[in-house]
2 protein chains.
Amino acid sequence: MTQEIIPAGKRLALSSGLAGLSGARPLLDRTGTVARLADILRAQITEGGLPPGTQLAEHAVAEALGVSRNTLREAFRLLAHEELVVHEPHRGVFVRTPDAGDVRDIYTTRRLVECAAVRNADSAPSGAVAEIRAVVNAAQAAAAEQRWNDVGTADLRFHSAIVALAGSRRLNDMMRRVLAELRLVFHMMADPHRFHEPYVHRNAEIAALVERGETDAAVGALLAYLDDAERQLLTGIAERSTQSSESIT
Amino acid sequence: MTQEIIPAGKRLALSSGLAGLSGARPLLDRTGTVARLADILRAQITEGGLPPGTQLAEHAVAEALGVSRNTLREAFRLLAHEELVVHEPHRGVFVRTPDAGDVRDIYTTRRLVECAAVRNADSAPSGAVAEIRAVVNAAQAAAAEQRWNDVGTADLRFHSAIVALAGSRRLNDMMRRVLAELRLVFHMMADPHRFHEPYVHRNAEIAALVERGETDAAVGALLAYLDDAERQLLTGIAERSTQSSESIT
DNA sequence: ACGGTACGGATTGTTGAGCAATCCGGCAAG
DNA sequence: CTTGCCGGATTGCTCAACAATCCGTACCGT
């Protein structure tokens, strides 16, 4: 009611000058302790510092990170919602241990989403394909220096860039979560180098096809990629489970 | 998921007789207060009891629901992660007010996911198409009795059933969240009957095409459906925003 | 030995209160 | 009409406590 007095001219003059600042806002509004907590824990989990199955006792973690038990619980809720952690009532939270069903589920959603995103490459938002190329280059650089962990992150970022072709924030967020989960599976595998090494070349191939606009071929290559990776992860998990059951008996 | 704590021998002996009970488990393991809180609030929000923009003051809500402020905060984190609610630091949580950008984003992910799911109808999990038919019948029954709100829920469940054709739990969860968000948009529209009424017939048509295995035609009809709905929602939001800005000037 | 059971310790679930940090609205001064 | 400041209210986070639940273990009768 009271603001109708602002002259339209002055308002426009200001908005044009401040338009560039709206993008910088996310850097300012630091979300607070619990978001930072979740970041730390998420990083520790996806980086392998906290192997699947590890229990995260509230008292211990709260004291270790110097935060209250209640705030930590809020962070746990977030991670549980992202499925990086499972919350068993009255027992505690544990780093998730994905099983074969999870891997299959993850790869069916990846097949569906990533292939559809590539098919949409024509009407992709500007800069999306450039981002793909950049990530591929980073992966090749990391591979040349034998930094296999970085190769893994580059791989996941590559597929995030693929999904970004669809141009939907919600889709990006969802796949970022799924790929973080997938990283848990990577850490359950033996020989990460062996696993990641062949895919950097295939990623580059897919990127080239997308750049050249041969979307059908790109989709085919991507499908083959996903099938191979799924198969490999499933056999890896199978070996691991048989060996663990042997160790129990 | 797996409960590998049980000795393998005992597990096999029991699992044959108890396999039918695994489905009843979710009824037993009551997750606790915060999950119930989130359910209540989610229902209130999606049902329209808490219109977009409403502030949810911690003290007031906590007292109203007879729960501690800390527990309520945990529930808020969940809803914020589901984007039903926005969390502005040091200001509070508000029921989300989706804008035109949100509608466009939601519909691009819907187009991508739902169409791909229908294309996968051949290898859909058993019972998925039957579920679609059941939901369509429910929608028609509700429409015959002029229960437009129930028509809206049936519509969303219809599309959940469509997504279920893909056979991925993660995809189902994600789309359930997106559709709940979409419901917020519905509540911002005037004349819900007018909006929902034509779609019950189009849903039935799509269901018939899927049942008959004419997936290409089904995809086409679904695409047209989504485009029309998006257009309609966008104009509705545009009207609303202009009228609100008029009320300010 | 073996299945059942009761007990004790430890962890989680939830509460309530408290304090610092921050935001909002209004009021006074320039 | 802007600027700065103050008071009230709300949030962010902590702390301590208690109830509920789970786990391992020792105990029991057979």
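Letters A, B, ... mirror the listed sequences (proteins, then strands); counts begin at 1.
A sub-4.0 Å separation between OP1 or OP2 of D:dC13 and a side-chain N or O of A:T71 is absent. For D:dG12, one of the phosphate oxygens OP1 or OP2 lies less than 4.0 angstrom from a side-chain nitrogen or oxygen of B:R73. A:H87 has no side-chain polar atom (N or O) that falls below the 4.0 Å cut-off from OP1 or OP2 of C:dT12.
Across B:F158, B:F186, B:W148, a single residue satisfies ring pair (Phe, Tyr, Trp, His ring centres under 6.0 Å) together with B:H196, and that is B:F186.
We find that CG of A:L37 is positioned 14 Å from P of D:dG12, with the value rounded to whole Å. To the nearest angstrom, P of C:dG13 lies 6 Å from NE2 of A:H90. The CZ-C1' distance, from B:F76 to D:dT11, rounds to 11 Å in whole Å. What separates CD of B:E88 from P of D:dT10 is a distance of 16 Å, to the nearest Å. B:R36 has its CZ atom 13 Å from the P atom of C:dG13, to the nearest Å. Straight-line distance from the CZ atom of B:F94 to the P atom of D:dT11: 8 Å, rounded to whole Å. Rounded to a whole Å, the CD atom of B:E58 is 16 Å from the P atom of C:dA17. Rounding to whole angstrom units, NE2 of residue B:H59 and P of C:dG16 are separated by 11 Å.
Listed nucleotides C:dT12, C:dT14, D:dC13 differ in distance to B:V34; the shortest reach to its side chain belongs to C:dT14. Of the listed nucleotides (C:dG16, D:dC13, D:dG12), D:dC13 has the atom at the smallest distance from the side chain of A:T33. Side-chain proximity of B:R69 to C:dT12, D:dT11, C:dT15: nearest is D:dT11. Residue B:A57 has its side chain nearest to D:dT11 when only D:dT11, C:dG13, C:dG16 are considered. Distances were taken from every side-chain heavy atom of A:Q55 (C-beta onward) to each of D:dC15, C:dG16, C:dT12; the shortest belongs to C:dT12. Looking at the side chain of B:R91, the nearest of the listed nucleotides C:dC23, C:dG13, C:dG16 is C:dC23. Distances from the side chain of A:N70 to the nucleotides C:dG13, C:dT12, C:dT15 place C:dT15 closest.
The CZ atom of B:R42 sits 13.0 Å away from the CG atom of B:L50 when rounded to the nearest 0.5 Å.
The number of heavy-atom neighbours closer than 6.0 Å to CD of B:E63, taken from other residues, nucleotides and ligands shown, is 12 or below. When the shell of 6.0 Å around CZ of B:R170 is examined, it contains more than 12 heavy atoms from other residues, nucleotides or ligands.
Put simply, the side chain of A:Q55 gets close to the backbone of A:R91: a donor and an acceptor are under 3.5 Å apart.
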